[in-house]
Protein chains: 2
Amino acid sequence: MTTRERPTLEAVARRAGVSRATVSRVVNGSTTVAAAIREAVNRAVEELGYVPNQAARSLVTRQTDSIALILPETANRVFSDDLFFPAIIRGVGSELEAADKQLVLMMAGSAAGYHRVERYAVAGHVDGVMFASIHGADPLPGLLARRGIPVICSGRPMLADPPVPYVDVDHAGGVAAALQHLITSGRRRIATIAGPQDMVAGLERLTGYRETLGAAGLPSLVAAGDFTRDSGVTAMRALLDQDPDLDAVFAASDLMAHGALQALRDAGRQVPEDVAVIGFDDFEISRYSDPPLTTVRQPIAEAGRVMARQLLRLIAGDPEIDPAIILPTELIIRASA
Amino acid sequence: MTTRERPTLEAVARRAGVSRATVSRVVNGSTTVAAAIREAVNRAVEELGYVPNQAARSLVTRQTDSIALILPETANRVFSDDLFFPAIIRGVGSELEAADKQLVLMMAGSAAGYHRVERYAVAGHVDGVMFASIHGADPLPGLLARRGIPVICSGRPMLADPPVPYVDVDHAGGVAAALQHLITSGRRRIATIAGPQDMVAGLERLTGYRETLGAAGLPSLVAAGDFTRDSGVTAMRALLDQDPDLDAVFAASDLMAHGALQALRDAGRQVPEDVAVIGFDDFEISRYSDPPLTTVRQPIAEAGRVMARQLLRLIAGDPEIDPAIILPTELIIRASA
DNA sequence: TTACGGCCTGAGAGCGCTCCAACAAGGGTA
DNA sequence: TACCCTTGTTGGAGCGCTCTCAGGCCGTAA
């Protein structure tokens, strides 16, 4: 392995016969350098294979051109079966790539990991921090914001002190559209499989369900889930126990809807003839389930993209950041309802 | 926003009434500091909320405690439908988390992104680099290695100059097991949907197919795919055109196998009665397809974990790094074959 | 009492870069 | 010819930290 000594600015300057400052200007694209000298410097850079030392540079500029994305889960949970995080990463990644920033991924499932994230951000390793999907009243976003670090959240944070700008989707609207579709097509005993109630997404979808059904004068029937497929199976069984005659189910996630599909099949119910099923997410796999899943599409990757864009503006010092951006959801009708 | 001035070592030293060097010693856990002084320093650190500046630190130590994972695809392709990258990230992430290193994710789909990755690594922004799934004869791993940067690959790199250590799975063994299962159960016209031939995974699975069938004296029938579901649909149709009487298909990825399942259904074939289908990957979704997919399980997350572990050893200067680690694959028999 | 280690602590020299103040050339104007 | 810009370049300070080395203090032995 050729652990060749890395050339410094100094070395380039010597070779090009100019000063360090001039080389720095050329490297950083300043225009006030005579063409001939710029040429000479560029040649020296090329010949030596010079690449600026990032640590030295950010020591003085106080920025690193990298951005952290915090996934408040353990690595094992994050990428198990769920396509939410991959989609967020996809959106964030494409946006940062375009802005020539680096993405630092941090999985902070444990309390220790949590503290690590805090130290990492405060140590100035990144220029800003994004949070993907927050559990409960998480103090970390506020904590970092108070430390002067640009922060933005995906999903409205429950704790708003200090308020941290966020990007979210229109949960209530999506749920209302889904339920309206069920009601319009004659369903009257509409149950729901709710998401975790320590997350805003779970909370708002349940609230939306209650309100829409309440307004329509229909009874509620709720089972708790945690967005996973298995919890969907369990919840669906419980619902069937409680009301064998239910004719529709709204699941707060596609994965839970798939679980419900399976539980319904096991219980001998036909979908959508006996029971209509609607999910929430519109993951790719929902196009291929049996039957294909009717679901509320939420633009996850787009949320990631917007979140990244907002953070970049925040870092650039733009004073006019929307404190909240809500992206629209859309009901995608397939065969299951 | 409280952009409070970040305290420096100097400030802590003043407050604790000691020198900078002593504070540094305490912060870095040196034992040669008197207990009373250590106490005082720790108190000062606490009171000031001191966190060492990472840039300054790595300027002198020449290490950053972060590691890059390069995904040689565009962000949009990486997380589309595929569960390969999420699984790799999961493995790598859990291992790095345990080692208290940070994961920097880089998507290098374009040529520009490519150059960016190189500069980034050479700039000393990371202590080492991992490559996930390499296309063709990619020069980048070798290039970085020659620059003295610790590098490791997931999947055997086609270009081995200089040789870069890698972690891969036993493609040939998995394919052989799959085909043996088909042959044993009486299948005689076994087609394959091959993966992209610019990737070792695609190449080796096709080679395995040819060799096993050749040894059994059975004819080959090959259609090309690119690991995606859509390519599986197309390839399956082509195979059916070429040999309407084929009785089995081995797809080089689960996604292609799902596509094949769909195309077979559309063509009125029963799986597994008319045509047996076997995939490769064992993604979660394959447990839930119709029928559940028989497939070759490859331990992707484990490969990520091993890769991270190897890189960490490489960075630590361990001279005895296995140039290649091959993880076992396993045939998972479900209903489709 | 003096000499001599052993232990801690402090001073100071960088790490490689940016950026500011200062200065060297030209070229135009009075 | 003297003077003032403008344009381009340089030296040097300083970012916050680590680490080497010299030196202070103390106990022990001679």
Side-chain angles (χ1 to χ4, degrees), chain A residues 3-42 44-45 48-65 119-127 147-148, chain B residues 3-42 44-45 48-65 119-125 127 148:
Chain A
T3 315
R4 190 167 37 184
E5 199 69 26
R6 280 182 201 146
T8 69
L9 247 204
E10 185 69 47
V12 176
R14 256 201 316 273
R15 182 168 195 118
V18 297
S19 76
R20 237 174 31 248
T22 300
V23 178
S24 175
R25 251 177 275 123
V26 172
V27 169
N28 293 299
S30 164
T31 49
T32 69
V33 177
I37 294 197
R38 184 169 28 214
E39 280 291 286
V41 170
N42 279 329
V45 165
L48 261 40
Y50 170 74
V51 174
N53 178 314
Q54 180 57 36
R57 180 176 271 181
S58 51
L59 179 56
V60 42
T61 61
R62 285 153 185 299
Q63 60 160 27
T64 61
D65 292 334
R119 282 181 57 90
Y120 190 78
V122 174
H125 221 307
V126 289
D127 298 339
R147 280 275 204 168
Chain B
T3 315
R4 191 166 40 187
E5 200 67 25
R6 279 181 202 147
T8 69
L9 247 204
E10 185 69 46
V12 176
R14 255 200 316 274
R15 181 165 195 120
V18 297
S19 74
R20 238 174 31 247
T22 301
V23 177
S24 175
R25 256 177 248 129
V26 171
V27 168
N28 293 299
S30 162
T31 49
T32 68
V33 176
I37 293 196
R38 182 166 32 213
E39 281 290 287
V41 170
N42 280 329
V45 165
L48 263 39
Y50 170 75
V51 175
N53 177 314
Q54 180 57 35
R57 182 177 268 180
S58 49
L59 179 57
V60 42
T61 60
R62 281 149 187 304
Q63 58 160 29
T64 62
D65 291 335
R119 283 182 56 89
Y120 190 79
V122 174
H125 221 308
D127 297 341

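Throughout, protein chains are lettered first and strands after them, A, B, ... in sequence-line order, and every chain is numbered starting at 1.
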Worksheet item: Nearest heavy-atom pair of Thr8(B) and Tyr50(B): which atoms, and what distance?
Response: C-CE1, 3.6 Å

Worksheet item: Rounded to the nearest 0.5 Å, what separation is found between the CZ atom of Arg14(B) and the CZ atom of Arg20(B)?
Response: 11.0 Å

Worksheet item: By side-chain hydrogen bond (donor to acceptor under 3.5 Å, both in side chains), which residues pair with Thr61(B), not counting sequence neighbours?
Response: none

Worksheet entry | Closest non-hydrogen atom pair, Ala123(A) against Pro52(B) | CB-O, 3.4 Å

Discussion item. Using whole Å, what does the distance between atom P of nucleotide dC17(D) and atom CZ of Arg6(B) come to?
Written reply: 11 Å

Worksheet item: Reading nucleotides 5-15 of chain C 5' to 3', which nucleotides get B (base under 4.0 Å from a protein heavy atom), which S (sugar-phosphate only), which -?
Response: ---SBBBBB-B

Practice prompt. Grab the CG-P distance between Leu9(A) and dT10(D) for me, whole Å please.
Written response: 13 Å

Worksheet item: How close do Thr64(A) and His125(B) get, heavy atom to heavy atom, and via which atoms?
Response: O-NE2, 3.5 Å

Worksheet item: Hey, does the side chain of Ser58(A) reach the backbone of Gln54(A) with a donor-acceptor pair shorter than 3.5 angstrom?
Response: yes

Discussion item. Can you measure Gln63(A) atom CD to dG16(D) atom C1' for me and round it to whole angstrom units?
Written reply: 17 Å

Discussion item. Using whole Å, what does the distance between atom P of nucleotide dT9(D) and atom CG of Asn28(A) come to?
Written reply: 16 Å

